[in-house]
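These notes concern the structure reproduced below.
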Amino acid sequence: MNGWDWIHWLIFVVVILGFALSMIIVFIWTERKVIGRFQLRRGPNRVGPMGVLQAFADFIKVLTKEDIVPAKADRWVHLLAPIVAFVPALLVLAVVPFRDGSILADLNIGILYVVAIGALGVVGIFMAGWGSNNKYSLISAMRTAAQVVSYEVPVVLSIVGVILITGSLSMVTIVHEQQVPFILLQPLGFLIFFLGTTAEINRSPFDLLEAESEIVAGFHIEYSGMKFALFYLGEYAHAVAASAVITTLFLSGWKGPVLPPVLWFLIKVGFVFWLFLWMRSTLPRLRVDQLMGFAWKFLLPLALFNVFLTGAEVLLWEEKMASWGNFPWPFLFLNLALAGGLIVLWSKFFRLGGGRVEV
Amino acid sequence: MQLEANYGYIALLLIVAIIFAASLIIIPFILSRLGIIPRKPDPVKTSTYECGMETVGKSWVQFNFRYYFYALLFVLFDIETVFLYPWAVHFKQLKLFGLVEMFIFIFVLAIGFVYAWRKGALEWK
């Protein structure tokens, strides 16, 4: 690497760290405020104007808290788990373009890299659950592993739809190919990816690993002080990364009229995060058998169907109807109608187990 | 050249990220040695699940069999998606042949999936 490469690297490492940390702080504040409003509370409003400094107050509190390691815990696993859980979220941001050309590393396998690295966070959570030597933690760790493994399949399949249209795995090319946001061409793919990602970053209503009412807090039950804070930061960092990836794949990344590209990117990331919040405050938590059933019986068949639907459409467009214009408008409406119809039909046909179940 | 440089960037970012995360753990450790953060472990405080019921038996036990089926199915479908990615990238060159070929491939897997479903491997029981 020559001098310019080093400067490029340095700038983008600072940008990624700054983006991640500032978005984490903004998201924590937004989440508490928005969830507060959804639940007819005010949310934090004591520390600073409208409670904006609450996150910093919490940081100081958690920094000066005693670090308790259970006597029976596996000390090294217990120590390393928060780091393993946090680092992958930052690494995902390395291939997310902030605007045209503003990217740390434009890998030609960008989205494959995101899939591979993004799922690594679960290793940290599993280490925490196992290393704590606590039965609740262990149940939580097992659930997370099963959950991430299950939702990985529909998520990965829903990305195939996007790749079929773009013909490239590079994140920059994917954004360049989006004449309209792919959420319109791939509504089914977007829904599957969004729900699957919500499950993978363990956000409500799929946050079974920390279901307070049954396993108290799950994997971070034996953590205190800064180690706990690192898990908390990691959860939000994964949410930031997931929002950024969804923005790039389905909401046409930095593109948008009038406003500067970076601002569009931030607006879209914020919007996706707001969708997470909306879902969290609307839906109750699933039960563990419903969670698994939803991935395997609902999302997976729909994702497989989406792959072939997209494949047939791409083929039809390239072969027969290329003279109709630059953009496949008929498929846009067809796909929206099909997505809506399929979801209604499939949810009529498919019922998640109700009533009392031994889990 | 550019490609290798990209992976180099990511490797260096990995090092920075690990240092960043590790420093968040090391700083409180140093502060506790300096006496700023309290450090008074005692047998009750460091017991497992301190403020709740005492744990009965070992925690590191062999775990429930039902997770095993999901792991098996995951391996099956993840290998399938590994094949799907290169197919999707070159789909526009493969044309109709590619679509039919992949349909047959997925169809075989789908039979296995339906079989697992029918056998109740997807039920949480």
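Residue numbers begin at 1 in each chain, while the letters A, B, ... track the order of the sequences.
Within a 6.0 Å sphere centred on CZ of A:F59, other residues, nucleotides and ligands contribute 12 heavy atoms or fewer. Heavy atoms from other residues, nucleotides or ligands lying under 6.0 Å from CZ of B:F105 number more than 12. In this structure, B:F29 places its CZ atom where only 12 or fewer heavy-atom neighbours from other residues, nucleotides or ligands lie under 6.0 Å away.
One finds the CG atom of A:L112 at 7.5 Å from the CD1 atom of A:I163 (value rounded to the nearest 0.5 Å).
For chain A, the nearby parts of B:L96 are the backbone and the side chain; heavy atoms of each come within less than 4.5 Å. Interface remark: A:Y136 contributes side-chain atoms only to the contact with chain B (heavy atom separation under 4.5 Å). Proximity to chain A is limited to the side chain of B:E80, based on heavy atoms less than 4.5 angstrom apart. Using a 4.5 Å cut-off between heavy atoms, A:L300 touches chain B through its side chain atoms alone. Heavy atoms of B:F103 lying under 4.5 Å from chain A belong to its backbone as well as its side chain. Heavy atoms of B:I10 lying under 4.5 Å from chain A belong to its backbone as well as its side chain. Residue contact with chain B, scored on non-hydrogen atoms closer than 4.5 Å, involves the backbone and the side chain of A:L91 alike. Looking at A:V156, the atoms closer than 4.5 Å to chain B (heavy atoms on both sides) sit in the backbone and in the side chain alike. A:I221 touches chain B through its side chain: at least one heavy atom from C-beta onward sits under 4.5 Å away, while N, CA, C and O do not. For chain B, no part of A:V162 is nearby; none of its heavy atoms comes within less than 4.5 Å. Interface remark: A:L21 contributes side-chain atoms only to the contact with chain B (heavy atom separation under 4.5 Å).
Using the six-membered ring where Trp is involved, A:F231 and A:F219 have ring planes that are perpendicular, over 60° apart on the 30 and 60° scheme. Aromatic ring orientation, A:F228 versus A:H220: perpendicular (interplanar angle above 60°, classes split at 30° and 60°). Between B:W87 and A:F308, the angle of the ring planes lies from 30° to 60°, which puts this pair in the tilted group.
Of the possible donor and acceptor atoms, one in the side chain of A:S158 sits under 3.5 Å from a partner among the backbone N and O of A:V155. Checked by atom type and distance alone, the side chain of A:Y223 never pairs as donor or acceptor with a backbone atom of A:S132 at under 3.5 Å.
Contact count versus chain A (heavy atoms, under 4.5 Å) is highest, among B:V89, B:L73, B:L94, for B:V89. Ranked by heavy-atom pairs under 4.5 Å with chain B, the list A:V307, A:L90, A:T64 is led by A:T64.
Contact annotation: the side chain of A:H78 approaches that of A:P70 to within less than 4.5 Å [non-hydrogen atoms, C-beta and beyond]. Using a 4.5 Å cut-off on side-chain heavy atoms (C-beta onward), A:T144 and A:F126 make no contact.
Interface residues of residues 79-88 of chain A toward chain B, defined by a heavy-atom distance below 4.5 Å and sorted by number: A:L79, A:P82, A:I83, A:F86, A:V87.
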Per-pair distances, 0.1 Å, donor-acceptor, side chain in residues 13-20 of chain B, under 3.5 Å, sequence neighbours excluded:
none

